[in-house]
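What follows is a set of notes on a single structure, which appears directly below.
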2 protein chains.
Amino acid sequence: MIVEDQHLMRLALVHELQAAIPACVVHAAATIATALELIEANQFALILIDPGLPGYDPRSEMDRLQTISTVVERTPAAIHIVITGAESAQEWEEVRTIGVAGYIAKNSLKPGTMTAILQTIADHGCCVGLMHETSMSPEVYHAVLSPREQELVQWMMQRPANISRKAIYDQLGEHLNIDAASAERYYKRARAKLLKFGQLPESL
Amino acid sequence: MIVEDQHLMRLALVHELQAAIPACVVHAAATIATALELIEANQFALILIDPGLPGYDPRSEMDRLQTISTVVERTPAAIHIVITGAESAQEWEEVRTIGVAGYIAKNSLKPGTMTAILQTIADHGCCVGLMHETSMSPEVYHAVLSPREQELVQWMMQRPANISRKAIYDQLGEHLNIDAASAERYYKRARAKLLKFGQLPESL
DNA sequence: GACGAAAGTGACGGCGTTGTCCCTATTTGC
DNA sequence: GCAAATAGGGACAACGCCGTCACTTTCGTC
């Protein structure tokens with residue numbers, strides 16, 4: 001079950017969870033009230049919860065903790081992970097004492113990370129992901145590209161000047177489990193598309 | 001350009017924007033520093049910005065406003081939309097005076113809403129979407145279903161008891177611009193899949 | 001018993017993405 | 001100058017999703 005009030009984030013979490021756990025069923029609630037309804041009617045194995053729900057003051061530490069403990073108390077059989085936009089090491093210490101297994105900052109939650117988080121919990125019993133201030137390089141998204149093509153372009157644009165494109169193809173081939181030659185043709189097709197639509201960045 | 005620190009939300013906003021504006025190029029930054037880099041190198045037509053960035057205190061109204069005005073001042077030609085997780089009517093009044101056209105709560109931002117927001121700004125010059133406390137009905141997501149099938153199941157589960165399924169098929173046909181008969185077969189295929197995987201909810 | 005609503009199955013063409021393979025110029029580096 | 005790297009093109013089968021069409025059976029109700 002996922003408890004999160006922001007629609008887009010809720011959707012994203014659903015997809016992350018589905019990507020991490022094949023053939024699963026995910027229930028989602030936007031409010032505590034809805035979450036409690038779901039708890040009444042179902043048995044959950046895993047619960048993601050964001051304590052910043054409407055109706056509660058997100059600045060009030062008490063409201064946040066109460067939101068979490070309300071859910072945790074009613075679902076003793078589940079594994080609980082807190083997904084928060086305003087994380088603090090102190091809050092993690094507090095929620096772990098009431099039985100929460102994971103404490104993840106929305107900042108540090110990247111696409112595909114969910115698998116690693118669940119694995120860490122399975123291995124060590126808990127998992128913490130506080131904000132890591134990696135000054136991200138800028139991202140560019142072109143609507144005309146398919147996801148694969150998009151990914152190839154992203155990689156290629158981060159290429160240091162002293163690395164040959166061929167080396168990138170090899171890296172990608174290994175990383176995506178495809179032929180390096182295929183990666184090369186993806187990049188070329190992507191480049192052709194961008195050229196066709198006049199969207200070619202000068203960094204290429 | 002999108003300025004948003006949470007990866008998943010940033011990704012979601014990119015997709016929303018791409019869905020609303022066909023064949024567009026979207027640049028994304030996770031920090032103010034990255035955003036300013038992008039501003040130096042590009043001319044943007046539309047900028048989405050979340051004032052709750054790391055390094056600034058999200059509780060400090062001054063930090064939030066400064067984040068926004070820093071970007072707005074450097075991009076006078078662009079349309080600016082603030083996307084915030086902690087909205088207030090007062091903050092909207094303040095940012096509109098410095099030239100922000102839209103003020104949208106993450107709470108009220110649903111998939112597909114971006115088109116309407118941009119249209120409203122085009123028509124009236126500005127658009128406000130504060131939190132609307134519609135107590136959402138619970139959602140269920142099955143990983144084995146395709147998006148269409150998922151959508152059909154979602155609609156069917158919200159069906160009041162006194163409405164025939166056939167009426168739902170008609171509604172869906174109209175809503176999705178497909179045959180009511182096709183909608184019926186989607187639902188049936190979805191149900192067959194759920195039955196096969198033992199994920200059939202009792203509300204069916 | 002007849003009729004309509006609902007359930008259960010099978011099949012088809014179109015489309016986009018994916019991953020593969022092949023061929024040819026042009027440019028770069030040693 | 002020669003070989004490797006880069007740029008550019010076209011074609012292919014496989015797969016999944018979408019939308020459509022056809023057929024059978026069961027159930028409840030009037």
Can you measure [X] atom [atom1] to [N] atom [atom2] for me and round it to whole angstrom units?
{"X": "B/Gln150", "N": "D/dC17", "atom1": "CD", "atom2": "P", "result": "13 Å"}
{"X": "B/Lys188", "N": "D/dC21", "atom1": "NZ", "atom2": "P", "result": "15 Å"}
{"X": "A/Met156", "N": "D/dA7", "atom1": "CE", "atom2": "C1'", "result": "12 Å"}
{"X": "A/Arg159", "N": "D/dA5", "atom1": "CZ", "atom2": "P", "result": "13 Å"}
{"X": "B/Leu172", "N": "D/dG19", "atom1": "CG", "atom2": "C1'", "result": "14 Å"}
{"X": "B/Asp170", "N": "C/dA6", "atom1": "CG", "atom2": "P", "result": "10 Å"}
{"X": "A/Tyr187", "N": "C/dT20", "atom1": "OH", "atom2": "P", "result": "20 Å"}
{"X": "B/Tyr186", "N": "C/dT9", "atom1": "OH", "atom2": "P", "result": "19 Å"}

Give a yes or no answer on whether the side chain of [X] reaches the backbone of [Y] with a donor-acceptor pair at less than 3.5 Å.
{"X": "A/Glu37", "Y": "B/Pro138", "value": "no"}
{"X": "B/Ser182", "Y": "B/Ile178", "value": "no"}
{"X": "A/Glu4", "Y": "A/Gln6", "value": "yes"}

Interface with DNA chain C, restricted to residues 173-185 of chain A and to heavy atoms under 4.0 Å
A/Ile178, A/Asp179, A/Ser182, A/Arg185
Please identify each residue that fulfils side chain to side chain donor-acceptor pair (under 3.5 Å) with [X], with sequence neighbours left out.
{"X": "B/Glu94", "value": "B/Gln90"}
{"X": "B/Tyr186", "value": "none"}
{"X": "A/Gln119", "value": "A/Asp123"}

State whether A/Ser146 places a side-chain N or O below 4.0 Å from either non-bridging phosphate oxygen (OP1 or OP2) of C/dG16.
no
Checking contacts here: which listed nucleotide ([options]) is nearest the side-chain heavy atoms of [X]?
{"X": "B/Pro147", "options": "C/dG8, D/dC17, D/dT6", "value": "D/dC17"}
{"X": "B/Arg189", "options": "D/dG19, D/dG9, D/dG8", "value": "D/dG19"}
{"X": "A/Arg148", "options": "C/dT9, C/dG19, C/dG8", "value": "C/dG19"}

With hydrogens left out and only the distance checked, is there a donor-acceptor pair under 3.5 Å joining A/Lys166's side chain and the base of D/dA5?
no
Give me each pair satisfying side-chain hydrogen bond (donor to acceptor under 3.5 Å, both in side chains) with a member in residues 71-83 of chain B, each pair once, sequence neighbours excluded.
B/Thr75-B/His80
Review item, side-chain donor-acceptor pairs of residues 140-149 of chain A, under 3.5 Å, at least two apart:
from	atom 1	to	atom 2	distance (Å)
A/Tyr141	OH	A/Glu139	OE1	2.6
A/His142	ND1	A/Gln199	OE1	3.3
A/Glu149	OE1	A/Ser146	N	2.9
A/Glu149	OE1	A/Lys193	NZ	3.1
A/Glu149	OE2	A/Arg189	NE	3.4
A/Glu149	OE2	A/Arg189	NH2	3.0

Taking ring pair (Phe, Tyr, Trp, His ring centres under 6.0 Å) as the cut-off, I'd like each qualifying pair that reaches into residues 156-177 of chain A, sequence neighbours left out, listed once.
A/Trp155-A/His175
The salt bridge (charged side-chain N to carboxylate O under 4.0 Å, His left out) partners of B/Lys188 (sequence neighbours excluded) come to B/Glu184
Contacts of type salt bridge (charged side-chain N to carboxylate O under 4.0 Å, His left out), residue A/Arg96, not counting sequence neighbours
A/Glu93
Review item, side-chain donor-acceptor pairs of residues 38-53 of chain A, under 3.5 Å, at least two apart:
from	atom 1	to	atom 2	distance (Å)
A/Asp50	OD1	A/Gly52	N	2.9
A/Asp50	OD2	A/Lys106	NZ	2.8

In residues 14-23 of chain B, which residues come under 4.0 Å of DNA chain D by heavy atom?
none
Base contacts versus sugar-phosphate-only contacts with protein, heavy atoms under 4.0 Å: please encode nucleotides 25-30 of chain C as B, S and - from 5' to 3'.
------
